[in-house]
Amino acid sequence: MNVLLLAWKVKMPPMMEIITAEQLMEYLGDYILETKPKEISEAQRLNYEQNMSDAMAVLHKLQTGLDVNVKFTGVRVFEYTPECIVFDLLDIPLYHGWLVDPQIHDIVKAVGNCSYNQLVEKIISCKQSDNSELAGEGIVAEQFLNSTATQLTYHGLCELTSTVQEGELCVFFRNNHFSTMIKYKGQLYLLVTDQGFLTEEKVVWESLHNVDGDGNFCDSEFRLRPPSDPETVYRGQQDQIDQDYLMALSLQQEQQSQDLQWEQLPEGISDLELAKKLQEEEDRRASQYYQEQEQEQAAADAAAAAGAAAPADNSDVDSKQRKTERERERERDHVNELETESMRI
């Protein structure tokens, strides 16, 4: 959505400060319908309508995260899935930088043309093989995944820098996270969206110039702008990492649940029954998502109410303390008066 907003393809009311996930989905759905090509052949129209139907079916996943499967041979190479159709319809380029260096021949041979999921399956298969050559390939492939756990290699970064066009707005996929990316004066930048930067109005972009993630922060004009409170930013980034991990875990569990449900489907099921089961599953996910959102909102409201009530309680305690002190002062004054009177007598 950020790419469409920055490219002025989608516009929102200027005074809007908060937007719900449902409203975002409406904006995206409207944009997809508005950009439908007019003068195309019948075959192209049918193909486009099928793609649009497939994209609408997975559009709700944008609220929790799309599951895409990279291949290690090119920055634009992904396994074709319904999730990728969304980017095609929105005309948004999708990139990644998890590439094998073609000069390291043993890794090239071990990884081949596999996608990430296929490579994981190959590693498991090779470990169980009695063939020493296959077992060796499995070890090399596993070492490659472990050594590139950041899902960005220097070869991939070089390919990204040379492939992305100057001024091109696109999406960068890394660690199950989608970031808005742009190329400005030959340098790649990622849009800053971590929670730690909520109060850093001047920090807009972060440079992508190494695989370790310690880029330089810039303002909207790509001028260096370090955060005013690095400690708060660090804590916010850590919270974002935790959220990304939980999101990845949730996607993995959802995929495992889907695989189990597909295995349990009886043979010979009709298209109508299959459609009903798919619709029931979509309804269940949507209901679960909205329940979680309501619970989070209720917890936030309760925390806000507790925070608002705290000063009132403190003021009552302070009032009682001041009252007790005044009473003690009056008692001391009364004792002093009695002592003075007794001295006069």
Side-chain angles (χ1 to χ4, degrees), residues 54 57-58 61-62 64-88 93-160 163 171-179 208 211-213 240-265 281 285:
D54 293 340
V58 300
K61 292 185 178 181
L62 288 173
T64 55
L66 296 175
D67 184 20
V68 298
N69 192 16
V70 305
K71 289 193 172 185
F72 306 96
T73 54
V75 293
R76 293 293 306 272
V77 184
F78 294 83
E79 182 182 12
Y80 192 74
T81 61
E83 283 83 353
C84 294
I85 298 175
V86 176
F87 295 95
D88 291 340
L94 177 63
Y95 292 93
H96 74 91
W98 201 0
L99 300 188
V100 171
D101 189 336
Q103 296 181 354
I104 308 178
H105 300 293
D106 57 339
I107 298 181
V108 172
K109 181 181 178 182
V111 174
N113 194 38
C114 291
S115 66
Y116 172 76
N117 291 343
Q118 292 170 339
L119 187 60
V120 171
E121 294 175 359
K122 178 179 179 178
I123 291 172
I124 296 173
S125 176
C126 289
K127 283 184 175 181
Q128 299 172 348
S129 175
D130 295 331
N131 187 309
S132 60
E133 183 177 352
L134 289 178
E137 286 189 9
I139 293 174
V140 171
E142 187 174 26
Q143 289 176 345
F144 167 73
L145 293 184
N146 292 336
S147 64
T148 58
T150 61
Q151 297 188 5
L152 177 64
T153 63
Y154 277 107
H155 174 67
L157 184 57
C158 292
E159 287 295 307
L160 278 172
T163 304
V171 170
F172 177 59
F173 177 75
R174 182 184 185 186
N175 290 332
N176 292 313
H177 188 70
F178 295 90
S179 301
L208 179 66
V211 300
D212 299 322
Q240 187 70 44
I241 291 172
D242 293 339
Q243 288 186 7
D244 291 345
Y245 172 75
L246 292 175
M247 178 66 68
L249 186 62
S250 174
L251 288 171
Q252 182 181 11
Q253 292 173 345
E254 180 182 351
Q255 183 63 42
Q256 291 174 349
S257 175
Q258 285 180 352
D259 294 342
L260 181 61
Q261 289 173 359
W262 278 106
E263 291 174 359
Q264 293 173 346
L265 286 176
E281 178 63 19
R285 287 184 202 160

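Values in this document were obtained by computation on a predicted structure and should not be read as measured data. If you read the sequence from its start, that first residue is 1, and numbering goes on from there.
- Atom CZ of R174 is separated from atom CG of N176 by 12.5 Å, given to the nearest 0.5 angstrom.
- Under the 3.5 Å distance criterion, the side-chain polar atoms of D106 are left unmatched by any main-chain donor or acceptor of V140.
- Remark: side-chain polar atoms of S125 are not paired, donor with acceptor, to backbone N or O of E121 under 3.5 angstrom.
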Stepwise side-chain contact (heavy atoms from CB on, under 4.5 Å) check, F178 with L94:
CA-CA 9 Å; F178 295 90; L94 177 63; 4.0 Å; yes
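- The closest donor-acceptor contact from the side chain of H96 to the backbone of V77 lies under 3.5 Å.
- Ring orientation note: the planes of W98 and F144 are close to parallel, at an angle under 30° on the 30°/60° scale.
- Within the model, atoms CD of Q143 and CD1 of I107 stand 8.0 Å from one another, a figure rounded to the nearest 0.5 Å.
- The backbone N or O of N113 lies less than 3.5 Å from no partner atom in the side chain of T73, so there is not a single donor-acceptor pair.
- The heavy-atom pair separating E159 from V75 by the smallest distance is CB-CG1, 3.8 Å.
- When side chains are defined from C-beta on, H155 counts as touching P102, because their heavy atoms get closer than 4.5 Å.
- Interatomic distance, E79 CD to Q118 CD, rounded to the nearest 0.5 Å: 5.5 Å.
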Could you give me the CA-CA distance, side-chain angles and deciding distance for L119 and V111, then say whether side-chain contact (heavy atoms from CB on, under 4.5 Å) is met?
CA-CA 7 Å; L119 187 60; V111 174; 4.1 Å; yes
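- Nearest heavy-atom pair across L152 and L208 is CD2-CD1, 4.0 Å.
- Note that NZ of K122 and OG of S115 are 12.0 Å apart. Values are rounded to the nearest 0.5 Å.
- Between the side chain of N131 and the backbone N or O of E133, at least one donor-acceptor pair lies under 3.5 Å.
- Across A141 and A110, no two heavy atoms sit closer than the pair N-CB, 4.1 Å.
- Distance check: L145 CG to Q151 CD gives 9.5 Å after rounding to the nearest 0.5 Å.
- Using modelled atom types, no side-chain atom of T163 and backbone atom of L160 make a donor-acceptor pair closer than 3.5 Å.
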Does the ring pair (Phe, Tyr, Trp, His ring centres under 6.0 Å) test come out yes or no for F87 and F173, once each step is laid out?
CA-CA 12 Å; F87 295 95; F173 177 75; 9.0 Å; no
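- Within a 6.0 Å sphere centred on CZ of F78, other residues, nucleotides and ligands contribute more than 12 heavy atoms.
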